[in-house]
2 protein chains.
Amino acid sequence: MEDEESITAALKALSSPVRLQIMEWLRDPRAHFPPQRDGDLVEDGVCVNFITAKLGLSQPSASVHMKMLAGANLVRPKRIKQSVFYKRNEEAIRSLQEELAKRV
Amino acid sequence: MEDEESITAALKALSSPVRLQIMEWLRDPRAHFPPQRDGDLVEDGVCVNFITAKLGLSQPSASVHMKMLAGANLVRPKRIKQSVFYKRNEEAIRSLQEELAKRV
DNA sequence: ATCCTATATAATATAATTCCTATATAGGTG
DNA sequence: CACCTATATAGGAATTATATTATATAGGAT
């Protein structure tokens, strides 16, 4: 059971074409990103650096987008060495969809 | 199959607490709105006038919110006499949820 | 320590959202 | 027709979102 605030935060996070695109990419990291040295694409997540490059936005913009997705609990960050890797939070995503089915 | 634009439009429409609330009310109009003279709450939809009153916003603000929901195809307007009645578009809502399950 | 790479934060500009008041339009009623 | 009710549109103010460049911080490598 989520409160309305967390639901609208998640919906707002997803209502940007840029962030929706990121979420889609993260469903199948191996299909969309090159192999990484320091973290496994699937196990650990995708390095922000690669997401930034693929987006074609500035590094700070990408950083903020990822932070918003993380703030909505849709992805989770993991720091390895100097890099941050983002991975989908499947449980929270499922819970959002359930909550959405109840309310909308 | 919906295109990304219609999905993000729908998500944006739902990512406002006000509009999410409206969508919830419209799930069970009889539980949330008084009986109407000119149109059946369930068959025809809920009169904008009642939605406006329940929201506690100005009439133009309510009008714009409803227009956004309608623009995202989440509700459908029906004009009877001088009033407009809004009803959920269950098919489009289901289709959005399916599309969301595929992408997010 | 110095340098390099990766990410975050600050400052800023522009655009979009959300609300308001005032006004216009559309449709009935007397 | 004049008038009333219901809804939409226009214009404007405050807030939030999205992007940028410049700078700060964090961690490794030389």
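All values below were derived from every heavy atom in this structure, side-chain atoms included, with hydrogens, water molecules and symmetry-related copies excluded.
The nearest whole Å value for the distance from the CZ atom in A/Phe85 to the C1' atom in C/dA6 is 10 Å. To the nearest angstrom, C1' of D/dT7 lies 14 Å from CZ of B/Phe50. In this structure, B/Met68 atom CE and D/dT7 atom P are separated by 19 Å, rounded to whole Å. Rounded to whole Å, atom C1' of C/dA24 lies 17 Å from atom CD of B/Gln82. Atom-to-atom, CZ of B/Arg79 to C1' of C/dG28 comes out at 12 Å; the value is rounded to the nearest Å. For the pair B/Lys67 NZ and C/dT18 C1', the computed distance is 16 Å after rounding to whole Å. Here the P atom of nucleotide C/dT17 and the CG atom of B/Leu11 are 14 Å apart, to the nearest Å. Note: CG (A/Asp38) to C1' (D/dA26) measures 15 Å, nearest angstrom.
A donor atom on one side chain and an acceptor atom on the other are not found under 3.5 Å apart for B/Asn49 and B/Thr52.
The residue among A/Val64 and B/Ser61 whose nearest nucleotide of DNA chain C lies closer to the 5′ end is A/Val64. Of the residues near DNA chain D, A/Ile80 and A/Leu57, the one whose nearest nucleotide (by heavy atom distance) lies more toward the 5' end is A/Leu57. Between A/Lys12 and A/Pro60, the one whose closest nucleotide on DNA chain D sits nearer the 5' end is A/Lys12.
Phosphate contact (OP1/OP2 of C/dT5, side-chain N/O of A/Asn49, threshold under 4.0 Å): absent. Between B/His65 and C/dC19 there is a side-chain polar atom (N or O) within less than 4.0 angstrom of OP1 or OP2.
When the shell of 6.0 Å around CZ of A/Arg27 is examined, it contains more than 12 heavy atoms from other residues, nucleotides or ligands. Atom CD of A/Glu90 is surrounded by more than 12 heavy atoms from other residues, nucleotides or ligands within 6.0 Å. B/Lys54 NZ: more than 12 foreign heavy atoms inside a 6.0 Å radius.
Backbone-only contact: B/Ser83 has heavy atoms under 4.0 Å from sugar-phosphate atoms and none from a base. Here B/Ser58 lies in heavy-atom contact (under 4.0 Å) with a base. Within the nucleic acid shown, B/Met66 has no heavy atom closer than 4.0 Å to any nucleic acid atom.
The one candidate from B/Ile22, B/Ile93, B/Asn89 that meets the side chain to side chain contact (heavy atoms under 4.5 Å, CB included) condition with B/Leu74 is B/Ile93.
Side-chain atoms of B/Gln59 come within donor-acceptor range of the base of D/dA8, with a qualifying N/O pair under 3.5 Å.
Each of C/dG28, D/dA19, C/dT7 was ranked by its minimum atom distance to the side chain of B/Lys81; first place goes to C/dG28.
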